[in-house]
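First the structure, then my questions, so here it is.
The sequence lines fix the lettering, A, B, ..., with proteins before strands; numbering per chain opens at 1. Values in this document were obtained by computation on a predicted structure and should not be read as measured data.
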Amino acid sequence: MEYNFREIEKKWQAEWQRKGVYKVPNESPRPKYYVLDMFPYPSGAGLHVGHPLGYIASDIYARFKRLKGYNVLHPMGYDAFGLPAEQYAIEHGIHPAVSTAANIANFRSQLDKIGFCYDWDREVNTSKPDYYKWTQWIFLQLFDSWYNRRTQKAERIDALKAIFEKEGNKQHPCPGDAVLCFSAADWNAFDEKKRMDVLMEYRLAYCGYGEVNWCEALGTVLANDEVVNGVSERGGHPVVKKKLRQWYLRITEYADRLLEGLEKIEFSEAMKEMQTNWIGKSSGAEIDFALKSEQSVVKNLRVYTTRPDTIFGVDFMVIAPELDIVEPITSAAQAAAVEAYLDYVKSRSERERMAEKKITGVFTGAYAINPFNGREIPVWISEYVLAGYGTGAIMAVPCGDERDHRFARHFSIPVTNIIGSYYNGEEANPTKDAVLENSGFLNGLRMKDAIEVVISKLEEMGIGQRKTNYKMRDAAFSRQRYWGEPFPIKWINGVAYPLDESELPLKLPDVDSYSPGPEGEGPLANIKEWTDRQLETNTMPGYAGSSWYFLRYMDPHNSKAFCDRKVSDYWGQVDLYIGGTEHAVGHLLYSRMWTKVLFDLGYIGHDEPYKKLVNQGMIQGSSRFVYRIRGKHEFVSEGLKNKYDTDKIHVDVNIVDGVELDIEAFKQWRNGEYANATFILEDGKYICGTEVEKMSKSKFNTVNPDMIVEKFGADTFRMYEMFLGPVEMSKPWDTKGIEGVHRFIKKFWRLYADENKGLIVTNEKASDSELKVLHKTIKKIEEDTERFSFNTAVSAFMIATNELNDLKCHKRAVLEPLLILLTPYAPHVCEELWSLLGHTDTILEASYPVFEAKYVIESSKEYPISVNGKLRTTLNISLEVSQPEVEKMVLSNEVVQKWLEGKHPKKIIFVKGKMINIVV
RNA sequence: GCCCAGGUGGCGAAAUUGGUAGACGCACCGUCUUCAGGUGGCGGCGCCGCGAGGUGUGCUGGUUCGAAUCCAGUCCUGGGCACCA
């Protein structure tokens, strides 16, 4: 009886499906556990061996929890809306729904081969109307809500209207337009349009004009997290700032709660920090400086600072060039210079601005007055001050701020020192510990203490107040694209009205052309029937559907609600979420916000979607290179390449064995492009160069899991991916080492079955040493699985197998529990052996108290004894073993004291049960 | 520049609380089974040394009976943020 993995895996995958063993009920007496993978975007490239890493880890954990008696929700689906499918449609004229469906079918067949325990009845697809109906519905809830800062939660727009009717907006300053202020009488006098415009400034999903990241090549707007180094994350196209009508999510209102929420969820410190930095909370003060300018139209300059304590060290002011007040404050003498500078700023792309941080700027001719000593402070403009943060203006304190210092140096502005010896005249010192000098009423105060003093004084004088700022901006929520959820919004006389719930889903219409519509509008603007209905022509961004999919899995077929409240109360939070770090400031922030809104509105009972997040590392590709002699059709082996002038060419890793090139395969590669190539070998072999890079088709370093599964089986593949190293770590794929894991499974199989004799498991009573192996392994596997140390768990299986092999143990009493233990890791082979052992239920249905086992033996052993770390002698000591590895030595004080000639031991240390050290 | 994580054999790595460093696997070497290849079995395998022995977790110090692990400094690698006042 051989280990025929191909047959076994096919058979059991079919059997599991036939029996529906992965179906999960929404009601159960068992405790619940929710294990979730970040669902994939079904790209045309299919899966490579890097993709399933997290899926395998979550699958092992889900199966493990199931074995331990939990009702485990472990679903999978597709994040199916998105740019690549649309780009493909533009290029090939194929409807995105068609190419997406094909990609999904391909993904599914690849996933199925690996033997995951997903409940496929719960599959979601964000591009299906019965799914995006609810994405649209949630959007309408966002549209119909505002954030009440007093109660710190989202509330209905109707409640806000009622407040306005009674008292205007005094109690609820407008988040969208800080200066908007009206009384009840004003409100009641507003016409319909004005009222709707005002409400728009409060809505959690709102439409407004704003500077957006416009990508010409993609013809759409991108969110901040989709722009990397001034180019688009997808495709690397240039991105410019543009003012456009856009939809936004008012995520900034949730900044504090998103920050506080981090404290009660298990994310890695790195992940929490990324989110914290992205939110970028800082506290300080806004200060109004009186302004002295020729035209004196603008009387005040409001700046934001985190360091009001340095106010006596202000040597100049800087305002962002984009600010409206630049023109009115500019003096006649400086007008030309200012205009030239504004032209220069406009000419610079976002990219250039980021790439070369030149010190530039120009004096406006205006002066601000320091309220405490009446000093006249020159006002400059410079691009290093951002219009979008704070007030777009700063007070510059060169002795305490590095950027201000460089600026002062560059333009020869004299520096006032307010921190004495803390400032060396060479570089700024941002300390808060210095005792202030040259600082009027603050002299002699420590800077950190002065902050409060200044703010109180400013407030008293009515020229400043405490202020908190965030780096995070509201999230751009519209895309000028076709392949996304249409907004359930219609425009009547320039006012956005929500569609009625009964009109959902608003289905995405078919189009003839996927090219953009007029004036930065999406393809939907080209459809007459659509524009006739006055429907919004933008669509939602990729992260809309993924912001709530974890809820839909709970109740995927519900046509009455996005998810029944009873069901979401049962499943609650995702207990374990596995995925990459790349979504740190996108999906993981948006989905947290949506969850909080749904919680505030009473649709769900928890306000954080994920209890614990594990970030799996990336599996990198290990690229192989051949060296072609320039101008010839001849290739030289790696060790000899320096003797020639060569070009380094990527070669398919799949035709290289380790580093040795399969020359015949190479000749046939790429339709025989190199059929006539000649080779300069070393020791009769062609050796390739290697490099670790990102796994990608263009680098020919992708390894297809189908191929690995075909050659070694899914069980080997699963275990090998885990064996590579810790789940969280990035590591290069190396097919070579898989042999070791494959050997292990074959060896494991041979404990149960012999090639000629068939099943060789006996019903004999297990010996002490055999039981010790078993129980040691149970403990180790349980601990390792629980702490996601899957690589050491695999090692523990190998050790157990080797030890049982040495003991020639073929006893059911040992092998049957071991089988259960291995099931999460290698389900197919375990299922087959389980059935060979005569079980009629599947191993997944079996309940087996394997983790409750205990075992006690007693024995005695010779132990080395050392005193103060120095080896002295050996002693025969009796020991007790209860539970594997927990070895208690019986070593009485009298014995030791006698042996130490009456001295009392300070401490007796047992070193891994193998040595005893006595400290005196 | 700032923040975070990490540096252990030829390679992937282990060491859960400070306790025999290198488990487990790959590669390699020897050996047995075999006509042969593959499979499988046995043994070896940090470095220096024939050996006894010495030495060893990026580097320099420190704490400790005892440090890969804790502390200070330093170098390197990976990741994140980057004019956020």
Side-chain angles (χ1 to χ4, degrees), chain A residues 228-229 268-282 284 303-308 310 317-318 320 353-354 357-359 382-397 400-404 406-407 430 469-473 581-582 584-585 615 617-618 620 658 692 719-720 723-726 728-744 746-747 750 755 780 783-784 786-787 789 791-802 805 864 866-871 885 906-907 909-920:
Chain A
V228 181
N229 290 328
S268 67
E269 285 310 310
M271 175 62 63
K272 286 184 182 180
E273 193 154 318
M274 269 190 251
Q275 295 209 343
T276 305
N277 286 344
W278 185 262
I279 294 166
K281 182 175 182 172
S282 74
V303 304
Y304 172 71
T305 179
T306 55
R307 297 295 303 275
T310 61
M317 299 282 179
V318 188
R353 228 171 128 159
M354 285 184 177
K357 283 170 195 157
K358 289 195 279 187
I359 303 171
S382 172
E383 60 178 341
Y384 87 88
V385 171
L386 306 174
Y389 183 77
T391 61
I394 62 157
M395 53 179 231
V397 183
D401 184 283
E402 193 45 48
R403 293 154 306 180
D404 297 346
R406 278 198 305 265
F407 194 87
N469 262 319
Y470 301 90
K471 289 190 205 173
M472 185 169 68
R473 302 294 137 81
T581 44
E582 66 272 20
V585 293
N615 297 115
M618 254 207 305
Q620 294 139 317
V692 173
M719 292 194 84
Y720 183 56
F723 187 65
L724 277 174
E728 295 93 336
M729 197 183 278
S730 286
K731 55 241 158 185
W733 175 265
D734 174 19
T735 304
K736 275 239 136 174
I738 200 168
E739 297 279 359
V741 174
H742 194 55
R743 250 170 241 159
F744 151 73
K746 285 193 284 186
K747 202 178 215 174
R750 286 198 302 270
E755 204 173 317
K780 177 86 175 138
E783 282 173 1
D784 285 354
E786 202 63 78
R787 66 185 175 107
S789 182
N791 54 330
T792 52
V794 174
S795 295
F797 282 120
M798 290 175 172
I799 294 167
T801 304
N802 287 341
N805 195 44
S866 65
V867 176
N868 287 348
K870 298 249 156 59
L871 189 73
E885 290 298 320
K906 233 201 233 156
K907 206 170 160 193
I909 299 156
F910 306 98
V911 182
K912 283 192 182 172
K914 286 174 185 169
M915 194 175 97
I916 297 163
N917 188 23
I918 298 169
V919 181
V920 289

Nearest of B/U16, B/A13, B/A85 to any side-chain atom of A/E783?
B/U16
When rounded to the nearest Å, what value does the distance between P atoms of B/G56 and B/C48 take?
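Between the two P atoms, the distance is 15 Å.
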Over all strands shown, is A/S282 touching base, sugar-phosphate only, or nothing at heavy-atom distances under 4.0 angstrom?
sugar-phosphate
Tell me which of A/E269 and A/A387 sits closer to the 5' end of RNA chain B, going by the nucleotide each one is nearest to.
A/E269
What pairs with A/R787 under salt bridge (Lys or Arg N to Asp or Glu O under 4.0 Å), at least two apart in sequence or on another chain?
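Residues passing salt bridge (Lys or Arg N to Asp or Glu O under 4.0 Å) with A/R787: A/D784.
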Tell me which nucleotide among B/A85, B/G41, B/U16 gets nearest to the side chain of A/R750.
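For the A/R750 side chain, the nearest candidate turns out to be B/G41.
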Mind checking who B/G38 pairs with, Watson-Crick or G-U wobble, both distances under 3.5 Å?
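Per the H-bond distance test, none.
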Using Watson-Crick or G-U wobble geometry with both distances under 3.5 Å, which nucleotide pairs with B/G18?
none
Nucleotide paired to B/G1 in any strand shown, Watson-Crick or G-U, under 3.5 Å:
B/C81
Considering heavy-atom distances to RNA chain B, does A/G390 or A/A270 have its closest nucleotide positioned more toward the 5' end?
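Comparing both residues, the 5'-ward one is A/A270.
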Do A/Y720 and A/W733 have ring centroids that are under 6.0 Å from one another?
yes
Distance check, C1' atoms only: B/C70 and B/U57, in whole angstrom units.
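After rounding to an integer number of Å, I get 16 Å for this pair.
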Quick one: is B/G78 close enough that its OP1 or OP2 comes under 4.0 Å of any side-chain N or O from A/S730?
no
Just label B/G9 as syn or anti from its O4'-C1'-N9-C4 or O4'-C1'-N1-C2 angle, using within 90° of 0 for syn.
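Syn.
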A/V741 vs A/F797, test: side chain to side chain contact (heavy atoms under 4.5 Å, CB included). Steps then yes/no.
CA-CA 10 Å; A/V741 174; A/F797 282 120; over 6 Å; no
Each nucleotide of nucleotides 23-30 of chain B classed B (base within 4.0 Å of a protein heavy atom), S (only sugar-phosphate) or -, in 5' to 3' order, makes BBSS----
Go ahead and name the base partner of B/U74; Watson-Crick or wobble counts if both distances stay under 3.5 Å, otherwise write none.
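Pairing partner: B/G58.
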Hey, does A/P726 reach any base, or is it just sugar-phosphate, or nothing, if we go heavy atoms under 4.0 Å?
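The residue A/P726 makes sugar-phosphate contact but no base contact.
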